[in-house]
Amino acid sequence: MPATAPEKVSVEGLETKWAEKWDADCVYSFDRNAERANIYSIDTPPPTVSGSLHVGHVFSYTHTDVVARFQRMLGKEVYYPMGWDDNGLPTERRVQNFFGVRCDPSLPYDANFVPPFEGGDNKSSKAADQIPISRRNFIELCEKLTTEDEKQFEALWRRLGLSVDWSQTYQTISPDAQAVSQKAFLKNLERGEAYQSMAPTLWDVTFRTAVAQAELEDREQPGAYHRIGFDGPDGKIFIETTRPELLPACVALVAHPDDERYQPLFGKTVTTPLFGVEVPVVAHRLASQEKGSGIAMICTFGDVTDVIWWRELDLPNRAILGWDGRIISEAPDAITSDKGKEIFAELAGKTTFSAKQRIVELLQESGDMMGEAKPITHPVKFFEKGDKPLEIVSTRQWYIRNGGRDENLKEKLIAQGKDLAFHPDFMRVRYENWVNGLTGDWLISRQRFFGVPIPVWYALDADGNPDFDQVLTPSHELLPVDPSTDVPAGYTESQRNQPNGFVGEVDIMDTWATSSLTPQLAGGWISDPEKYAKVFPFNLRPQGQDIIRTWLFSSLLRSEQESGELPWSNAAISGWILDPDRKKMSKSKGNVVVPAEPIDNHGADAVRYWAASARLGTDAAFDEGQMKIGRRLAIKLLNASKFVLSFEPAEGITEVTEAVDQSLLLNLAEVVRDATTAFENYDHTKALEVAEQFFWNFTDNYLELVKERAYGQGDYTPAEQASAAVALRKALHTMLRLFAPFLPFATDEVWSWWQTDAGSIHRAAWPKPEELTQNLDASNLQVLELAKEALFGLRKAKSDAKVSMKAAVESATLVSPAAVLTTLRLLEADFKAVGKIADLAFEEGEAFSVENVVLAEVEEEA
RNA sequence: GGUCGUAUGGCGCAGCGGUAGCGCACUUCCUUGACAUGGAAGGGGUCACUGGUUCGAUCCCAGUUACGACCA
């Protein structure tokens with residue numbers, strides 16, 4: 001096939017040219033008519049569109065893309081969709097600040113609503129200045145805003161060369177996503193996997209919402225031990241507490257059962273200072289003998305240990321904290337003394353901070369507190385997005401069973417995890433640790449306004465009080481519903497909030513309740529069951545290691561509950577991008593690199609090369625040096641290809657006859673084998689490495705050695721010339737395809753110079769070793785390596801003589817081990833040509849070298 | 001504190017039970033016919049530390065230290 005390479009080749013401008021061409025030719029379109037067995041489907045992570053992109057995204061998405069491209073070339077029909085995550089707090093805040101609105105689900109939908117402004121500076125605006133609008137209006141604004149963000153993301157992904165089918169996209173707040181989320185919940189409810197419960201709940205006072213185990217983090221906080229005396233049967237008993245303000249919520253004192261100091265007190269009672277409440281002294285294994293005085297007060301509720309004690313020891317509930325994090329107005333019934341009631345009345349309405357100050361003053365006045373508070377630092381639980389410590393408040397919440405309280409389910413989930421191929425394998429441990437460490441079911445209700453509503457109503461009794469046991473649900477065809485505006489079957493809107501009527505659930509679902517359904521969302525569980533059957537279970541879930549406990553776990557759980565099967569067969573876990581100081585890149589550290597920059601500076605293929613050079617599960621540095629190497633590779637590929645294609649085989653000859661030419665193809669066949677195995681094992685770095693190593697050997701050694709012959713000048717027969725030219729083309733044809741997943745732009749550019757009828761390289765067949773080795777003598781495998789050794793000797797001789805590689809040589813002797821001398825003699829003509837040697841002798845020796853070099857007379861330049 | 005991972009030339013990384021490799025950087029050399037966004041030849045590491053297994057360990061095992069991530 002004739003080739004038409006440009007005069008001067010360049011990597012500049014390839015991104016735009018090829019992104020447009022691929023789009024126009026639908027190179028990456030998914031053909032839904034393919035057989036299931038021949039489909040490779042990817043559960044792409046939906047990026048948070050209201051967040052900003054950084055190079056970490058480029059890194060991990062490239063890992064997925066090289067796999068997608070490999071599978072496509074293997075002949076698989078690749079389902080590679082893109083999702084946009086616009087459900088959740090980051091988007092909620094952005095919409096609030098951008099449009100100056102806030103979501104209030106109690107308001108009706110206003111079809112003609114116009115926001116007060118557009119383009120807020122994205123800094124937090126005051127709630128008082130925000131116009132309250134209905135949930136539907138809010139979601140519409142969200143879609144409006146995120147559409148812009150999605151365009152930017154898509155443009156970047158196209159520049160990077162992700163082979164996504166852009167007709168397959170979804171949004172996590174879209175009506176379809178809401179329907180999927182609600183249907184899955186309703187089915188959980190029908191099967192008894194979702195339930196509501198009144199229980200102590202970790203509560204964020206800023207966001208005024210319950211928080212799940214997966215959203216917690218511990219932070220070291222300053223605190224102080226206060227030494228407080230309780231009146232016991234034989235005098236004062238001192239406890240040390242960091243939360244004296246919870247004294248009115250005290251229900252018991254607790255010590256370790258083995259603690260001899262307190263054993264005599266077990267079963268007796270003591271009296272709380274200030275409030276005069278009689279509380280028992282109890283024993284529990286979780287009480288620490290070393291901490292403080294070894295005896296602690298149990299309050300409802302100071303921390304999660306209090307909850308455990310309260311539950312296991314069957315203690316009363318004397319909660320004193322409200323949803324706003326302030327002391328409630330009504331004192332617990334246990335406080336009966338006038339003095340106690342008086343003090344409590346003074347505390348009511350105070351924040352925990354000022355309540356603590358006041359209590360300490362009172363304790364010091366009454367002499368119940370010993371000395372001053374002792375400052376300490378200790379770990380305190382926070383909502384990962386919050387900045388105030390979590391409180392524990394008793395509320396009614398919705399839960400989904402997750403194995404935290406069910407050993408059978410836990411075992412099933414662990415077993416499912418063992419069937420999932422993690423890449424790298426050790427990442428499974430993180431999943432198992434999380435499952436084994438679950439302490440309770442998944443709290444999925446959130447007291448927020450923006451999100452997917454929990455699709456239920458409750459019947460009201462004759463007094464207008466909700467009967468939470470009478471849950472009213474919509475039929476699946478009506479989804480999505482919003483209980484704050486829609487009406488349950490059998491009721492009318494006029495019955496809302498009326499005695500014997502109904503009330504809509506106001507809570508929304510945890511964003512993970514929707515994100516855990518990305519396989520169902522991306523596959524079209526509701527919207528396109530036919531497609532869903534073709535793509536589910538997915539072949540690949542790519543994701544970060546930090547969200548194994550959340551996204552991976554919850555997705556696996558939902559699929560297990562819904563269909564009893566794994567949602568994917570492979571999970572590819574990418575590492576982090578570290579800045580040059582080896583610190584994790586994150587917005588808060590201010591060390592984020594915007595992805596457009598490296599693409600501008602080095603080109604997409606170069607950036608992809610850098611990303612693809614890092615193995616799955618391994619953190620990588622942001623390394624521009626690596627991108628320069630990738631760029632050099634892409635440029636070299638263009639130049640070498642142009643050169644290779646400049647050699648036309650002599651008319652009608654297609655045979656590769658020369659030993660060194662056969663050796664090249666035999667070696668390449670091994671590389672194809674290795675690269676294929678590596679890719680099949682999700683080891684893309686290995687696949688890249690072997691291809692790259694071969695390529696540089698190809699240009700530096702083989703190409704140099706045979707180019708004189710390929711020119712056809714000198715004493716070469718047409719068969720010898722053609723042997724080189726044919727081998728060069730075959731090798732190029734294969735190497736381009738090996739590089740295609742990594743350098744999609746440069747490879748398709750070269751491909752287009754000569755494979756004019758074959759379409760995009762990205763739909764070409766992945767190379768097979770057999771394509772190369774037909775009619776070859778396998779014993780020639782080592783010839784290329786020998787030639788290389790001899791070539792090194794030749795170059796060293798010239799380099800030592802400090803002359804150009806092209807300096808003419810009158811005579812020289814090639815010394816080599818006897819065993820290979822015969823083989824080397826076959827290459828005499830090539831050696832003489834590349835070394836410009838007039839007279840080449842061969843001689844036996846221990847190692848390869850070139851001796852007795854006599855340089856030709858050089859005419860002195862004037 | 002627990003779990004997992006990492007520790008190899010200045011930097012970034014491969015590797016393997018038999019006394020170390022690649023790329024960048026560095027030194028020296030090469031001007032013209034694919035490529036100066038190039039080519040060639042070199043120098044440089046007791047493979048974190050301590051024990052153990054082995055004929056032999058950078059590679060296997062145990063422990064220590066440092067760094068990172070996740071969890072508490």
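So you know, we letter chains A, B, ... as the sequences are listed, proteins then strands, and number each from 1.
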Any side-chain heavy-atom pair from F831(A) and I837(A) closer than 4.5 angstrom?
->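 Contact flag for F831(A)/I837(A) side chains = no.
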Below 4.5 Å, heavy atoms only, C-beta onward: do F698(A) and V644(A) meet side chain to side chain?
->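 Result yes, sub-4.5 Å side-chain heavy-atom pair found.
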If you only use heavy atoms from C-beta on, which nucleotide in [options] is closest to the side chain of [X]?
X: K381(A); options: rA72(B), rG42(B), rA34(B); value: rA72(B)
X: K636(A); options: rC71(B), rC35(B), rG42(B); value: rC35(B)
X: Y711(A); options: rG33(B), rU37(B), rA14(B); value: rG33(B)
X: N639(A); options: rA40(B), rA34(B), rG39(B); value: rA34(B)
X: I629(A); options: rA14(B), rG23(B), rA40(B); value: rG23(B)
X: W576(A); options: rU37(B), rA69(B), rG15(B); value: rA69(B)
X: K796(A); options: rA34(B), rG42(B), rG38(B); value: rG42(B)
X: S799(A); options: rA40(B), rA34(B), rC24(B); value: rA40(B)

Heavy-atom closest contact (K642(A) atom, V9(A) atom, distance) |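 Smallest heavy-atom distance, with atoms named: CD-CG1, 3.8 Å.
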Looking at L443(A) and V211(A), what are the two nearest heavy atoms and their distance?
->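 Nearest pair, atom of L443(A) first, then V211(A): CD1-O, 4.2 Å.
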Which whole-number value in Å describes the distance from [X] [atom1] to [N] [atom2]?
X: R632(A); N: rA25(B); atom1: CZ; atom2: P; result: 8 Å
X: F647(A); N: rA34(B); atom1: CZ; atom2: P; result: 7 Å
X: Q693(A); N: rG23(B); atom1: CD; atom2: P; result: 9 Å
X: K802(A); N: rA40(B); atom1: NZ; atom2: P; result: 18 Å
X: R219(A); N: rC71(B); atom1: CZ; atom2: P; result: 12 Å

Dot-bracket summary - RNA chain B, pairs being Watson-Crick or G-U whose distances fall under 3.5 Å, with | when paired to another strand | (((((((..((((.......)))).(((((.......))))).....(((((.......)))))))))))).
Give every pair of a protein N or O atom and an N or O atom of nucleotides 1-7 of chain B that lie under 3.5 Å apart, one pair per line with the distance.
unit_1: rU3(B); atom_1: O2'; unit_2: N433(A); atom_2: ND2; d: 2.6

So what does [X] touch, heavy atoms closer than 4.0 Å: a base, only the sugar-phosphate, or nothing?
X: W610(A); answer: nothing
X: R428(A); answer: nothing
X: K686(A); answer: nothing

Would you please indicate if the ring centroids of [X] and [Y] are separated by under 6.0 Å?
X: F622(A); Y: W610(A); value: yes
X: F426(A); Y: F422(A); value: no
X: H284(A); Y: H256(A); value: no
X: F59(A); Y: W576(A); value: no
X: F679(A); Y: F742(A); value: yes

Give me the distance, rounded to whole Å, that separates [N] from [M] when you measure between the [atom1] atoms they each carry.
N: rG43(B); M: rA48(B); atom1: P; answer: 24 Å
N: rG18(B); M: rC60(B); atom1: P; answer: 12 Å
N: rG39(B); M: rC24(B); atom1: P; answer: 9 Å
N: rC29(B); M: rC67(B); atom1: P; answer: 44 Å
N: rG17(B); M: rA25(B); atom1: P; answer: 32 Å

Could you check whether the rings of Y61(A) and H57(A) sit parallel, tilted or perpendicular, using 30° and 60° as the cut-offs?
->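 It falls in the tilted class, 30° to 60°.
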Heavy-atom donor-acceptor pair, E704(A) side-chain to rA34(B) base, under 3.5 Å =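 Yes, the side chain and the base share a sub-3.5 Å donor-acceptor pair.
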R729(A) with E648(A): basic N within carboxylate O range, under 4.0 Å |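 Yes, R729(A) and E648(A) are salt-bridged.
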